[in-house]
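Below, chain A is the first sequence line, B the second, and so on; all start at residue 1.
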Amino acid sequence: MAEMPNREIAAALDELGDLYELDGAISHRVLAYRNGAKAVREATQSVGTLAREGRATELPGIGATLQEKIAALVVDGEIPARAKLKAKYPEGLLEITRLPGVGPKRVRLMYTELGIDSLASLKEAAEQERLRGVKGLGPKFEASVLASLEAGLGEAPKPRTLLSRALEEGEAIVAGLRAHPTARRVELAGSARRLADTVKDLDVIATADDPAALTAALAALPEIETAGTAGENAARGVTHSGLSIDLRVVEPDQFGNLLQHFSGSARHNIRLRENAVKRGLHVSEYGILDDATGETVRCATEEEVYATLGLPWIPPELREDRGELDPGFEVPELVSVDDLRGDLHCHTVASDGRNTIEEMAAEAIARGYEYLAITDHSATHGFGNHVDADTLKRQIERVRTVNEKLDGIEVLIGTETNILPDGAPDYDDELLAELDWCIASIHTAFQTPRAEMTKRMVAAIEHPWIDAIGHPTGRKLGRRPGYDVDLDEVIAAAARTGTMLEINGAPDRRDLDDVHARQAAQAGVKILLDSDAHGTDRLANVRWAVATARRAWLTPDDVANTRAWPEFAAMRKRARTS
DNA sequence: GCCGTTTTCGGCCCGACTGTTTTCAGTCG
């Protein structure tokens with residue numbers, strides 16, 4: 001029987017934390033649930049299985065109580081405390097906390113005092129000026145609630161922006177500010193700097209000879225729709241696409257402190273500060289207070305911040321409290337775009353691409369690649385524009401011809417075959433054996449139940465002519481989660497068979513994600529970084545696969561396509577099959 | 001609720017802002 005997925009267990013712990021918060025629990029207890037949820041979400045093994053064995057406490061942040069609650073969840077299907085609290089507090093209370101300035105304390109207060117249990121009943125009470133009758137709430141609170149409701153806040157969480165979009169805008173804004181005569185240093189901070197999948201807003205930290213002039217300059221940038229200054233040395237704006245941006249201009253001798261603080265993540269900073277306190281150091285965005293001397297050390301660079309704490313400079317992509325602050329941490333040599341020597345997943349006009357084999361190959365040469373696999377779709381991928389067996393046979397000849405004409409690059413004939421519901425590829429073995437490369441992906445029957453889906457994936461992984469699995473979970477950021485599959489089994493099967501797993505560079509995929517790519521690499525699976533380009537201008541999308549790889553702590557050695565062609569060729573499963 | 005070079009209890013990162021307050025709680029990042 002397939003165990004409950006970690007993400008479901010994590011969601012239950014998060015919800016329990018929310019409920020305890022509503023119930024008035026002390027913040028540290030609530031935080032313990034959220035930390036527990038994070039540990040479960042990022043665990044590299046089945047937490048349900050661990051909990052059944054009484055071993056969930058091996059995870060950092062899971063103690064006896066959470067072990068017991070997780071075990072109850074996976075064995076009985078429910079946590080008694082969660083059932084009890086859900087009965088106590090109506091579901092509508094949580095959505096009220098989405099309103100700015102309205103947190104769990106005030107929601108609970110309004111519920112117990114006025115019976116407010118939904119956005120609708122809150123609106124009615126505010127309009128009737130009943131909120132101000134509650135001790136601790138006043139007319140200004142009432143007005144702010146009405147304004148928020150009017151603006152539609154609370155209806156849905158604000159959508160997050162894909163990193164590709166956020167960086168396009170953020171890098172243009174940073175360039176624009178750097179070009180201003182008064183600017184000295186200008187850096188993007190926040191989750192965009194950490195190359196997270198998505199970002200909520202942009203943070204920019206700067207120094208300038210004339211701070212007021214630089215904050216005023218934000219509004220004049222072409223990317224900005226509206227902006228205004230916020231205090232002496234700050235500005236806040238919104239881009240034309242609706243992305244919020246905060247600019248802070250700081251003293252040069254504190255630039256490192258501010259950049260470190262606003263780069264986050266929150267959990268990284270909390271852990272950093274907790275560790276520092278044990279050494280008698282107190283870290284804030286303004287400096288590092290040393291208990292021993294009473295002096296606050298200001299740092300012009302981030303390197304100084306980390307050095308003052310006895311740490312190496314930690315690349316922003318690693319700042320997620322995933323072990324980078326553990327004793328003995330050494331900065332891994334992270335893979336970069338320049339390390340890549342080939343791309344093993346792209347499309348041409350033979351399926352749904354926009355360019356020819358020749359055009360794609362020319363662009364690959366321009367990027368300095370030594371190899372490029374042409375991997376058009378197979379017949380059952382479900383969107384038309386596919387390559388049937390006979391067409392593929394002709395395509396083999398066409399690619400071979402192009403390859404012979406070109407020097408300095410191996411153009412490989414490959415396929416991105418759909419994985420059929422039984423795990424088989426779309427072409428027969430004889431045809432697959434004629435190819436140089438085969439990547440297999442799921443494009444159909446997404447709703448297959450977990451156990452069957454896992455069996456389907458493992459069958460594909462065990463197929464002798466399938467060299468790699470493309471976008472292994474099928475997720476689309478902001479649109480849909482991945483299909484339900486046991487990635488532990490997928491990774492184990494890939495490791496056992498020498499099948500590569502892809503990090504797909506489509507900016508809304510980045511699939512595998514950072515956590516599972518790291519797990520796979522640790523299990524000995526070789527990772528592919530691919531663009532999945534459907535046009536010459538999209539080969540550069542491999543940048544987003546690299547971003548995820550760096551967040552997964554991957555080194556050039558972990559990534560298969562950092563290797564020269566002869567070495568890569570020998571690593572293909574088919575090189576050992578034939 | 002977790003956790004231990006202040007170990008089984010008593011702590012738990014740091015600061016800004018807002019609004020309702022006579023000194024602070026709640027919210028946010």
Charged tip of A:Arg518 within 45° of A:Trp553 ring normal and under 6.0 Å: yes
Any A:Ser284 side-chain nitrogen or oxygen under 4.0 Å from OP1 or OP2 of B:dC13: no
Gap between atoms OH and P, on A:Tyr286 and B:dG29 respectively (whole Å): 15 Å
Of A:Gly103 and A:Ile26, the one whose closest DNA chain B nucleotide lies more 5': A:Ile26
Sugar-phosphate only, base, or nothing, as touched by A:Leu109 at under 4.0 Å among non-hydrogen atoms: nothing
Sugar-phosphate, base or nothing in reach of A:Pro139, heavy atoms under 4.0 Å: sugar-phosphate
P spacing across the pair B:dC12 / B:dT18, given as an integer number of angstrom: 28 Å
B:dC2 versus B:dT7 - spacing of their C1' atoms, nearest Å: 13 Å
A:Lys200 side chain, from C-beta outward: closest of B:dT20, B:dG1, B:dG29: B:dG29
Candidate nucleotides B:dG29, B:dC2, B:dC13, ranked by approach to the side chain of A:His261 - the nearest: B:dG29
Nearest-0.5 Å distance, CD of residue A:Glu285 to CG of residue A:Asn269: 9.5 Å
Nucleotide of B:dC13, B:dG19, B:dG15 approaching A:Ile270 most closely (side-chain heavy atoms): B:dC13
Nearest-Å distance for atom pair CG/P, residues A:Asn275 and B:dT5: 11 Å
Nearest-angstrom distance, C1' atom, B:dT5 to B:dG1: 24 Å
C1' gap between B:dG11 and B:dA16, integer Å: 25 Å
Whichever of A:Ala266 and A:Val107 has its nearest DNA chain B nucleotide further upstream toward 5': A:Ala266
Note, A:Arg184 side chain near A:Phe255 side chain (heavy atom, < 4.5 Å): no
Nucleotide B:dG4, atom P - distance to CD of A:Glu274 in whole Å: 11 Å
Distance-only polar pair, side chains of A:Gln522 and A:Thr44, donor-acceptor under 3.5 Å: no
Sugar-phosphate only, base, or nothing, as touched by A:Tyr33 at under 4.0 Å among non-hydrogen atoms: sugar-phosphate
Rounded interatomic separation in angstrom, taking CG from A:Leu137 and P from B:dT20: 8 Å
Parallel, tilted or perpendicular, as decided by the 30° and 60° cut-offs, for the rings of A:His268 and A:Tyr306: tilted
Distance, C1' atom - from B:dG10 to B:dC17, rounded to whole angstrom: 30 Å
Between B:dA16 (P) and A:Arg236 (CZ): distance, integer Å: 15 Å
Closest contact, heavy atoms only, A:Pro80 versus A:Ala72: CD-CB, 4.2 Å
Polar side-chain atom of A:Arg132 near backbone of A:Glu142 as donor-acceptor pair, under 3.5 Å: no
Value in whole Å for how far the P atom of B:dG29 lies from CZ of A:Arg267: 15 Å
Watson-Crick/G-U partner (both atom distances under 3.5 Å) of B:dG15: B:dC28
Sugar-phosphate only, base, or nothing, as touched by A:Ile62 at under 4.0 Å among non-hydrogen atoms: sugar-phosphate
Distance, P atom - from B:dC3 to B:dC13, rounded to whole angstrom: 14 Å
Sugar-phosphate, base or nothing in reach of A:Arg106, heavy atoms under 4.0 Å: sugar-phosphate
Distance below 4.0 Å between A:Lys278 side-chain N/O and B:dG4 OP1 or OP2: no
Distance in angstrom units between A:Asp291 CG and B:dT6 P, rounded: 13 Å
Rounded interatomic separation in angstrom, taking CG from A:Asp23 and P from B:dG1: 11 Å
Phosphate-side-chain proximity, A:His282 and B:dC14, N/O vs OP1/OP2 below 4.0 Å: yes
Touch class at under 4.0 angstrom, heavy-atom based, for A:Val30 against every strand present: nothing
Span that lies between the C1' atom of B:dG26 and that of B:dT20, in whole angstrom: 11 Å
Among B:dT27, B:dC13, B:dT20, the one nearest A:Arg273 by side-chain distance: B:dC13
